[in-house]
Amino acid sequence: MLANYLIGLREGLEAALVVGILVAYVRKIGRRDVLFRLWIGVGLAVLVALTLGAVLTFGAYGLSFEAQEAIGGSLSIVATGFVTWMVFWMLRTSQNLKGTLHSDIDKALIGAGWGLVLVAFLAVGREGIETALFIWAAVQATGETTFPLLGAALGILTAVVLGYLIYRGLVRINLSKFFAWSGGFLILVAAGVLSYGVHDLQEAGILPGLNNLAFDVSGIVPPDSWYGTLLKGTVNFSPATTWLELAVWLAYFVPTMILFLRAVRRGPKKTPLTATTAPAAPAAPVAPAPAAAAAARAHPTTPAPTTPASAESGAVHRLEHL
């Protein structure tokens with residue numbers, strides 16, 4: 001349940017931040033008329049994710065045991081690839097996510113602006129498809145349904161609330177640290193999902209070595225015990241692990257975690273500032289005319305009141321500096 005909660009929280013928070021940036025920018029440029037189209041794209045993305053989850057859950061009914069294991073193992077491997085790509089993609093592009101989305105919106109608003117539906121659909125749909133696929137793989141690995149789905153739903157709900165609070169400026173969190181810590185844990189979870197996928201392919205007869213166990217600690221960690229269930233539900237630990245499962249787990253986890261830690265330590269790349277032209281000399285101050293100075297003293301300028309547009313600009317500013 002904890003692993004699925006984290007998956008739902010991380011993926012949901014990414015989607016919530018994306019939606020917040022899109023909404024804030026559309027309002028900032030004064031195109032409230034296209035907000036409905038933006039929400040259409042978001043709704044279609046959610047619908048596709050739910051449909052994919054339903055197909056994965058109910059589509060395998062009626063197939064043979066070997067076919068179910070083959071499909072489950074293959075999709076677990078695909079889910080591992082998706083979550084790995086997502087973790088490194090977020091580290092690489094999080095600093096320029098705002099600029100990319102703004103550029104996409106500017107292009108989509110040419111003409112009637114229906115292209116914004118596609119922008120919102122692609123931006124949110126990627127997160128939804130990854131979430132559906134990875135949660136399904138985690139559910140298959142644990143062999144349970146209620147608690148993993150409940151954990152994922154709670155994670156998504158928490159992400160929606162956090163996204164709204166961040167958009168309103170009521171909550172500030174260090175997103176760099178959040179994505180770094182959650183990314184490291186997801187790599188550990190993904191290693192377990194990959195290992196379980198290999199086990200499924202062994203049971204389907206596609207891969208060999210089903211009975212060649214590297215270790216069997218079922219007597220120390222019974223699968224039906226609370227700690228065995230906890231280990232299975234968080235990192236997909238199997239008390240009876242084959243040599244091939246162990247080899248695949250190590251081959252994925254060790255190099256992937258090393259690359260991830262190096263990327264976190266290196267941080268985002270910063271573009272060096274280059275001087276293309278010589279800076280202009282500052283203009284000499286101009287003394288105000290006596291009449292203008294007297295008028296300024298008699299009628300001091302009052303600050304302009306805060307308008308809804310400036311408030312929306314503040315929301316964009318907060319999202320830009322997360």
Search all heavy atoms of [X] against all heavy atoms of [Y] and return the closest pair with its distance.
| X | Y | answer |
| --- | --- | --- |
| Val26 | Ile29 | O-CG1, 3.3 Å |
| Ser238 | Ala240 | OG-O, 3.0 Å |
| Leu52 | Ala132 | CD2-CB, 4.2 Å |
| Ala16 | Ala159 | CB-O, 3.9 Å |
| Val119 | Leu22 | CG1-CD2, 4.3 Å |

Quick one: side-chain hydrogen bond (donor to acceptor under 3.5 Å, both in side chains) partners of [X], sequence neighbours excluded?
| X | value |
| --- | --- |
| Thr242 | Gln202, Glu245 |
| Thr158 | Tyr5 |
| Thr84 | Tyr252 |
| Glu130 | none |

Give the cluster check for [X] versus [Y]: same hydrophobic cluster or not, with ILVMFWY residues linked at side-chain heavy-atom distances below 4.5 Å.
| X | Y | answer |
| --- | --- | --- |
| Ile166 | Val160 | no |
| Leu201 | Phe65 | no |
| Leu157 | Leu13 | no |
| Leu133 | Ile156 | no |

Could you walk me through whether Leu122 and Arg126 pass the side chain to side chain contact (heavy atoms under 4.5 Å, CB included) check? CA-CA 6 Å; Leu122 294 178; Arg126 180 187 63 248; over 6 Å; no
Hey, could you give me the [atom1]/[atom2] distance between [X] and [Y], rounded to the nearest 0.5 Å?
| X | Y | atom1 | atom2 | result |
| --- | --- | --- | --- | --- |
| Ser195 | Ile77 | OG | CD1 | 10.5 Å |
| Phe82 | Trp89 | CZ | CH2 | 13.5 Å |
| Ile7 | Ser182 | CD1 | OG | 10.5 Å |
| Leu194 | His199 | CG | NE2 | 13.5 Å |

Quick one: side chains of residues 40-48, donor-acceptor pairs under 3.5 Å with protein atoms, not counting sequence neighbours, listed by atom name and distance.
none

Residues in side chain to side chain contact (heavy atoms under 4.5 Å, CB included) with [X], at least two apart?
| X | answer |
| --- | --- |
| Ala251 | none |
| Leu259 | Phe88 |
| Ala49 | none |
| Val23 | Val19, Arg27, Leu35, Leu38, Trp39, Tyr167 |

Indicate yes or no for a side-chain donor-acceptor contact from Ser74 to the backbone of Ala70 under 3.5 Å, with no hydrogens or angles considered.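 Such a contact is found between Ser74 side chain and Ala70 backbone.
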If only atom types and distance count, is the side chain of Thr256 paired as donor or acceptor with the main-chain N or O of Phe253 below 3.5 Å?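 No.
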Could you name each residue pair satisfying side-chain hydrogen bond (donor to acceptor under 3.5 Å, both in side chains) that touches residues 44-55, not counting sequence neighbours?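 Every candidate side-chain hydrogen bond (donor to acceptor under 3.5 Å, both in side chains) pair involving residues 44-55 fails, so no pair, neighbours aside, qualifies.
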Can you check side chain to side chain contact (heavy atoms under 4.5 Å, CB included) on Met86 and Glu14, steps first, answer last? CA-CA 10 Å; Met86 176 268 296; Glu14 288 183 22; 3.6 Å; yes
Under 3.5 Å, sequence neighbours excluded: what are the donor-acceptor pairs made by side chains of residues 208-223?
{"from": "Asp216", "atom 1": "OD1", "to": "Ser218", "atom 2": "N", "distance (Å)": "3.2"}
{"from": "Asp216", "atom 1": "OD1", "to": "Ser218", "atom 2": "OG", "distance (Å)": "2.7"}

Checking Arg10 against Trp181: charged group under 6.0 Å from the ring centre and within 45 degrees of the axis?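 Here Arg10 fails the 6.0 Å and 45° test against Trp181.
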Using the side chain to side chain contact (heavy atoms under 4.5 Å, CB included) rule, take Phe260 and Val87 through it: C-alpha gap first, then chi angles, then the decisive distance, then the call. CA-CA 9 Å; Phe260 176 77; Val87 167; 3.4 Å; yes
Pair Thr80-Trp85, side chain to side chain contact (heavy atoms under 4.5 Å, CB included): steps then yes or no: CA-CA 9 Å; Thr80 301; Trp85 172 82; over 6 Å; no
